[in-house]
S.K.: 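Encoded as structure tokens, here's the structure I'll be asking about.
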Amino acid sequence: MPGTVLLLAASPAGKSCLVDAASVLPILAAVAPDVLSGTDTANVVELADPLEPQAVLTRLRAAATAPGPLTVFLTGQLQLDRRQRLPHLALARTTPATVRYTGFPWHWIREELRLRTPGSTTVVVDLHTDAETWQHLATQPLTVGPGALLYGRVAPPPPRRAVASPTYMKSVATILRSGHRPPLAHLHQQALTRSSGEDPEAARRDIVLTVDPTQPMHHTPPAQPPMHPVPGFQPAPPSPVPVQVSLPAPAPAPAALMAPAPSPPPSDPHAEITAAVESGRHAEAAELAGRQEQEALRVHGPGADEVVHWMEVRADLAMFAGDAELSCRIWLAVADVRLAAGQDPAAPGVEAAVDRAHHQWGRIDDSARARELGPALAGLRLRVPGRRQGALDDVQRHLSRLQAQV
């Protein structure tokens, strides 16, 4: 099965730029697609200094829904939005004051990757931060979803008026240009070693990310503050680094003394659902998710996070099955549940639910069904305007056109 590769390099233009992200793309683009993906063939999509968050979301969503392994090579800089203090990937038009509207929210990456088969997704990152975001990440490590592998590094701010080089990602690309793709963990270590030759302080300064969904997460903070401290910035103290020790296997015990074999671990419903979707068994996938939602409702009660999660899964499954009306209805219900639970209208989960309901509503072919759902969506848009300007106006204009058809 062919793989998919997304090459994404993003950084602001002008004085807000901390890293020359796009400089790595020519090196990555020179690597054979099959080496980038680790599959026999691969489709490669390249995004260089994108302007709009929605453009990035569209490409990421297309890559995330493609069958087969997915590898994302992401280079850029992270900034916090001033309202919710959530990390965003800064895009070409991003400034410190406009991050919330011009940056790409990091949690959108988790949202788009969460339904992929565990182990089928790898994200390789080389990220730089400003001082505020660097301090935030010392206690709030980055993640990309429960089933995705994450390798890379996060670097602190470069010296004032300097633009850093993505040495880690360039090292990854240079190693891959040889035509050999070592196991990802080995590739990561080789890249760290190679990049430290160009930047000797990186080994004790950067946050190194090595997240494998089959192992406990490793989040290695820097051993000491950045070499170029920023006035007023106090880095958080380093936390202990987990160490894994390989112990020798015990000698086989006599058969009479051996304990009964442990029962096999319970199956992962997410993996079963993903497998059903990939083979076109959409009804079966929806039934599996519905059973999980009912069980969560029985155990945790209405409005619980576990229940909301399975509602969101069902909404995505309806989208994959081409049922825009059902997907819209479920996303509207998710938004209502989150708001009823007291979540802020600007909370990421609320905004995502309304945005996706809006998107699916625009894809409903049956005008009568769309007219039926329009007022509910418009009511939510009054409370949850979202990040895209004119979203409420768009709903009202489309609803007027639908009503004119009666």
S.K.: Does any donor atom in the side chain of H358 or D394 lie under 3.5 Å from an acceptor atom in the other side chain?
M.R.: yes
S.K.: Would R338 and E312 pass as an ion pair if we require N to O under 4.0 Å?
M.R.: yes
S.K.: Answer with yes or no whether the side chains of T133 and Q79 bring together a donor and an acceptor at under 3.5 Å.
M.R.: no
S.K.: Going by heavy atoms in the side chains, are F73 and D126 under 4.5 Å from each other?
M.R.: no
S.K.: Would you mind reporting whether T75 and L8 have side-chain heavy atoms less than 4.5 Å apart?
M.R.: no
S.K.: Can you confirm whether the side chains of S37 and T39 place a donor and an acceptor under 3.5 Å from each other?
M.R.: yes
S.K.: Identify the two heavy atoms, one from P87 and one from L80, that lie closest to each other, and give their separation to 0.1 Å.
M.R.: N-CD2, 3.6 Å
S.K.: Find out whether T71 and L36 are in side-chain contact, i.e. whether some heavy atom of one side chain is under 4.5 Å from a heavy atom of the other.
M.R.: no
S.K.: Taking atom CZ as the centre, does R59 end up with more than 12 heavy-atom neighbours from other residues, nucleotides or ligands that are less than 6.0 angstrom away?
M.R.: no
S.K.: Using the side chain to side chain contact (heavy atoms under 4.5 Å, CB included) rule, take R153 and Y168 through it: C-alpha gap first, then chi angles, then the decisive distance, then the call.
M.R.: CA-CA 7 Å; R153 64 94 177 245; Y168 169 83; 3.7 Å; yes
S.K.: Test D366 against E325 for side chain to side chain contact (heavy atoms under 4.5 Å, CB included), laying out the working first.
M.R.: CA-CA 9 Å; D366 189 317; E325 178 196 347; 5.8 Å; no
S.K.: Tell me whether H300 at atom NE2 has more than 12 heavy atoms from other residues, nucleotides or ligands lying less than 6.0 Å away.
M.R.: yes
S.K.: Is the closest side-chain heavy-atom distance between R194 and T174 below 4.5 Å?
M.R.: yes
S.K.: Does any N or O in the side chain of R116 come within less than 3.5 Å of the main-chain N or O of A64, such that one atom is a donor and the other an acceptor?
M.R.: yes
S.K.: How long is the gap from CZ on R329 to CG on L377, to the nearest 0.5 Å?
M.R.: 12.5 Å
S.K.: Less than 3.5 Å apart, which donor and acceptor atoms pair up between the side chains of residues 344-353 and the rest of the protein, not counting sequence neighbours?
M.R.:
from: D344; atom 1: OD1; to: A346; atom 2: N; distance (Å): 2.6
from: E351; atom 1: OE1; to: R387; atom 2: NE; distance (Å): 3.1
from: E351; atom 1: OE2; to: R100; atom 2: NH2; distance (Å): 2.8

S.K.: Give the minimum heavy-atom separation between C17 and V163, together with the two atoms involved.
M.R.: O-CG2, 4.0 Å
S.K.: Would a 4.5 Å heavy-atom cut-off, applied to side chains only, mark V337 and M311 as touching?
M.R.: yes
S.K.: Say you draw a straight line from OH of Y101 to CG of D81; how long is it, rounded to the nearest 0.5 Å?
M.R.: 9.0 Å
S.K.: Set out, in order, the CA-CA distance, both residues' side-chain angles and the distance that settles side chain to side chain contact (heavy atoms under 4.5 Å, CB included) for L150 and T143, then state yes or no.
M.R.: CA-CA 8 Å; L150 172 64; T143 61; 5.8 Å; no
S.K.: So that I can tick it off, tell me whether D355 and R381 are bridged by a salt bridge, with the cut-off set at under 4.0 angstrom between side-chain N and carboxylate O.
M.R.: yes
S.K.: Any donor-acceptor pair under 3.5 Å linking the side-chain atoms of R93 with those of T102?
M.R.: no
S.K.: Answer whether the closest heavy-atom distance between the side chains of L18 and P158 falls below 4.5 Å.
M.R.: yes
S.K.: Is there a donor-acceptor contact under 3.5 Å linking the side chains of Q292 and Q294?
M.R.: no
S.K.: Do the side-chain N and O atoms of T98 and T95 include a donor-acceptor pair separated by under 3.5 angstrom?
M.R.: yes
S.K.: Do you know which two heavy atoms are closest between V144 and L149, and how far apart they sit?
M.R.: CG2-O, 4.3 Å
S.K.: Can you find a heavy atom in the side chain of W361 that is under 4.5 Å from one in the side chain of V395?
M.R.: yes
S.K.: Is the closest basic N to carboxylate O distance between R356 and D316 below 4.0 Å?
M.R.: yes
S.K.: Looking at every heavy atom in both V5 and A42, which two are closest together, and how far apart are they?
M.R.: CG2-CB, 4.4 Å
S.K.: More than 12 non-hydrogen atoms from neighbouring residues, nucleotides or ligands closer than 6.0 Å to CZ on R363, yes or no?
M.R.: no
S.K.: Evaluate the ring planes of H188 and Y151, with Trp represented by its six-membered ring, and classify them as parallel (under 30°), tilted (30 to 60°) or perpendicular (over 60°).
M.R.: tilted
S.K.: On a heavy-atom basis, which atom in A370 and which in L402 lie closest, and how many Å separate them?
M.R.: CB-CD1, 3.6 Å
S.K.: Got a donor-acceptor contact below 3.5 angstrom from the T65 side chain to the R61 backbone?
M.R.: yes
S.K.: Distance check, rounded to the nearest 0.5 Å: N43 atom CG versus T41 atom OG1?
M.R.: 7.0 Å
S.K.: So for atom CZ, which belongs to R281, do other residues, nucleotides or ligands contribute more than 12 heavy atoms lying within a distance under 6.0 Å?
M.R.: yes
S.K.: Between V208 and V154, does the side chain to side chain contact (heavy atoms under 4.5 Å, CB included) criterion hold? Intermediate values first, please.
M.R.: CA-CA 6 Å; V208 176; V154 183; over 6 Å; no
S.K.: Could you grab the distance from atom CG of L91 to atom CG of L51, nearest 0.5 Å is fine?
M.R.: 8.0 Å
S.K.: As an exercise, state the distance from CG of L86 to CH2 of W106, rounded to the nearest 0.5 Å.
M.R.: 13.0 Å
S.K.: Is the number of heavy atoms from other residues, nucleotides or ligands within 6.0 Å of CG (D393) greater than 12?
M.R.: yes
S.K.: Going from OG1 on T117 to CD on E272, what distance comes out if it is rounded to the nearest 0.5 angstrom?
M.R.: 11.5 Å
S.K.: Answer whether the closest heavy-atom distance between the side chains of L332 and C328 falls below 4.5 Å.
M.R.: yes
S.K.: Where do A191 and V172 come nearest, in terms of heavy atoms and distance?
M.R.: CB-CG2, 3.5 Å
